[in-house]
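See below for the structure under consideration.
Predicted model, so just to flag it, every value in this text is computed and none were measured. Lettering of chains follows the sequences in order, A, B, ..., and the numbering in each one begins at 1.
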Amino acid sequence: MKPSIPKGTRDFGPAEVIKRNYIFDTIREVFVRYGFQPIETPAMEDLATLTGKYGEEGDQLLFKVLNNGDFLSKADDQALQAKDSAKLVPSISKRGLRYDLTVPFARFVAMHQNDIPFPFKRYQIQPVWRADRPQKGRYQEFYQCDVDVVGSESLMFEAELAQIYDEVFQKLGLKVVIKLNNRKILAGMAEAAGLSEDRFMDMTIAIDKLDKIGMDGVKQELSKRDISAEAIEKIEAMLGTTELEALKSTFAASKPGLKGIEELETVFEYLNMGPTYNTIQFDITLARGLNYYTGCIYEVAVDLEAEGQENIKMGSIGGGGRYANLTENFGMRTNGSGVGVSFGAERIYDVMEELSLFPEDKANTLQLLFIAFDEKAHRYAFKALQQARAAGINAELYPDPARVRKQMKYADQRNVPYTVVIGDREMESGELAFKNMVTGQQENLQLNAIIDQLK
RNA sequence: GUGGUUGUAGCUCAGUUGGUUAGAGCGCUGGAUUGUGGUUCCAGAGGUCGCCGGUUCAAAUCCGGUCUUCCACCCCA
């Protein structure tokens, strides 16, 4: 059989795993410093937990897990006859793979509400699955790194999450733009433009594309979605706004609009109390598709104006927002408002790789390879190997006393900086042949001296 | 989910209007070199041409299906 893996999934070799861990470790370190604690949830959730939370589009992208046993005998016969897949699913699948980490977290909080302290601050680094068509930087299995806090409406957390973004990307050496908006401001826009409530989604989807298709494209998109020319004109005028202050008069008659402005002003008030490394800006065109967001929303993009980053082509590398009602779905009675952001580790990886931002790895690499000339020397070397490891040196012994040429070649492939060759002469004198693989120079030293040099 | 694109040796890729036994570079194995890798030279191994079916005297090549890759939508990290 020919080996293969499912579409949109990947294997990772040692070099990749080490780099991925570098990203995860950096992110985790910042999360921990802000007081967040780790949790994990299952790869599978009840399908009912997942459906309806991400909009119609999201439901289509959910991976469903087929029931075990004789699932067809229990299937909805009518749907089966009619070949109606959507209708058939509930009767043959009761579980699905998680689509993100936020919904499982909301479920977790509601389920354990009597056992956890509020506000509950957690982080979670686990894979998620989407049945999307793969492209570059878009996979069916990928990791998300989420931080969320539930049980507080304080806007301090909105500010802290932006600071976390800022700090993580500073540590990773990547310049980004952190964009902030508020769903209430979008609602205000819809209201000010005289749109009915059911047109709200259409409007946000269209304006979200502004930087991609331009103002004319957005206007086309809006009219295609049955939005009147008059409303489009008003929306266009509002989209030109980059300052919160300027929106106040526009939203004079819109309560949610004014509330959104007030919230963002408070967030920026917190943020302006200290320095930030990256650009953090209000962006009225930021919409985000996920249905459950109610307040502030975030998105992070690579800063294309930063030196060396001009040609990076990558979608958003992080996003998030406040969800006031999500936990209610799972029976949270009070205090269930949450806010959180997510890091797209895979895309961050791709960008960092393209910019060569990964530091050379020291902790995870082999420092020393022992090479033995014959069986007797191999035993001798095994003992020396233990001493080197006991001293904290990452060391290996070639498994057989093969030809030195072959062992040297292996050392070369493994990129080991130093080797020790042991044969009769070395065992007799106690001085081992210690070779620097970069310069090719070799000297005879006692094992202790070699260990000292590598420590 | 819609439209397009890709697949030939471990890797990167040639392969003519369909026509002998499908090639190259790199890598791999062995030798030059029985105590030393990276350079050089010599030799060798390695292929169900993604998979299934069809057209044809004859298919890597043409046709259909399918899987995969990448791209544009949709959406998104």
Side-chain angles (χ1 to χ4, degrees), chain A residues 1-10 23 27 54-62 85-86 98-102 125-146 165 176 201 204-206 208-209 212-213 217 221 224 286-291 298-302 313-320 341-351 369-374 377 398 401-427 432-442 444:
Chain A
M1 146 171 201
K2 199 167 190 172
S4 68
I5 53 174
K7 156 167 79 176
T9 65
R10 296 150 299 158
I23 294 177
I27 290 173
Y54 309 105
E56 214 173 303
E57 196 82 32
D59 284 354
Q60 280 182 1
L61 299 181
L62 282 175
S85 304
R98 63 164 168 257
Y99 177 90
D100 71 358
L101 301 178
T102 306
I125 299 176
Q126 288 191 283
V128 303
W129 293 270
R130 294 182 187 180
D132 207 352
R133 199 174 279 208
Q135 271 177 52
K136 204 185 193 78
R138 170 184 283 196
Y139 309 97
Q140 294 203 336
E141 178 185 65
F142 60 97
Y143 271 74
Q144 286 192 332
C145 313
D146 273 33
Y165 267 143
V176 298
M201 271 303 283
T204 55
I205 288 170
D208 199 29
K209 295 180 188 169
K212 206 172 184 177
I213 59 179
E221 188 89 12
K224 208 166 66 190
L286 172 61
R288 294 196 64 77
L290 288 177
N291 274 351
Y298 303 79
E299 193 158 292
V300 181
V302 175
K313 289 192 179 64
M314 181 62 74
S316 84
I317 54 177
V341 296
S342 178
F343 288 77
E346 321 284 348
R347 289 187 176 176
I348 293 169
Y349 180 100
D350 288 347
V351 171
L369 178 76
F370 285 90
I371 290 173
F373 185 58
D374 57 23
Y398 196 86
R403 291 168 48 228
V404 174
R405 178 188 161 80
K406 192 172 179 183
Q407 300 190 56
M408 277 291 176
K409 196 158 189 179
Y410 174 75
D412 202 44
Q413 287 172 324
R414 286 292 302 271
N415 245 312
V416 192
Y418 296 96
T419 53
V420 165
V421 181
I422 302 177
D424 284 339
R425 297 204 295 258
E426 287 74 16
M427 286 189 285
L432 312 181
F434 179 57
K435 178 168 183 172
N436 180 325
M437 295 298 285
V438 179
T439 63
Q441 278 178 340
Q442 189 169 318
N444 295 325

- Message: Can you tell me if A:Arg405 touches the phosphate of B:G37, counting only side-chain N or O atoms and a distance under 4.0 Å to OP1 or OP2?
- Response: yes
- Using a cut-off of 4.0 Å on non-hydrogen atoms, how would the nucleic acid contact of A:Tyr139 be classed: base, sugar-phosphate, or nothing? base
- Item | Strand partner of B:C73, provided both Watson-Crick or wobble distances fall under 3.5 Å | B:G1
- Message: Using whole Å, what does the distance between atom C1' of nucleotide B:A77 and atom CD of A:Glu141 come to?
- Response: 14 Å
- Span that lies between the P atom of B:G44 and that of B:C62, in whole angstrom: 34 Å
- Task: Would you please confirm or rule out a distance under 4.0 Å between OP1 or OP2 of B:C28 and any side-chain N or O of A:Gln413?
- Result: yes
- Note on the structure: Nearest-nucleotide check on RNA chain B, A:Ile422 vs A:Ala131; residue mapping nearer the 5' end is A:Ala131
- Given B:G31, is OP1 or OP2 found less than 4.0 Å from the side-chain N or O atoms of A:Arg403? yes
- Query: Is the ring of A:Phe142 stacked on the base of B:A77, with centres less than 5.5 Å apart and planes under 30° off?
  - Reply: yes
- Item | Close side-chain approach of A:Asp424 to A:Asp374, heavy-atom, < 4.5 Å | yes
- B:C76 P sits how many Å from A:Gln60 CD, rounded? 12 Å
- Message: Using 30° and 60° as the class boundaries, would you call the ring planes of A:Tyr418 and A:Phe434 parallel, tilted or perpendicular?
- Response: parallel
- Note on the structure: Mate of B:A43 across any strand shown (Watson-Crick or G-U wobble, both atom pairs under 3.5 Å) is B:U29
- Message: Only pairs with both distances under 3.5 Å count, Watson-Crick or wobble alike; so what is the partner of B:A24 in this structure?
- Response: B:U12
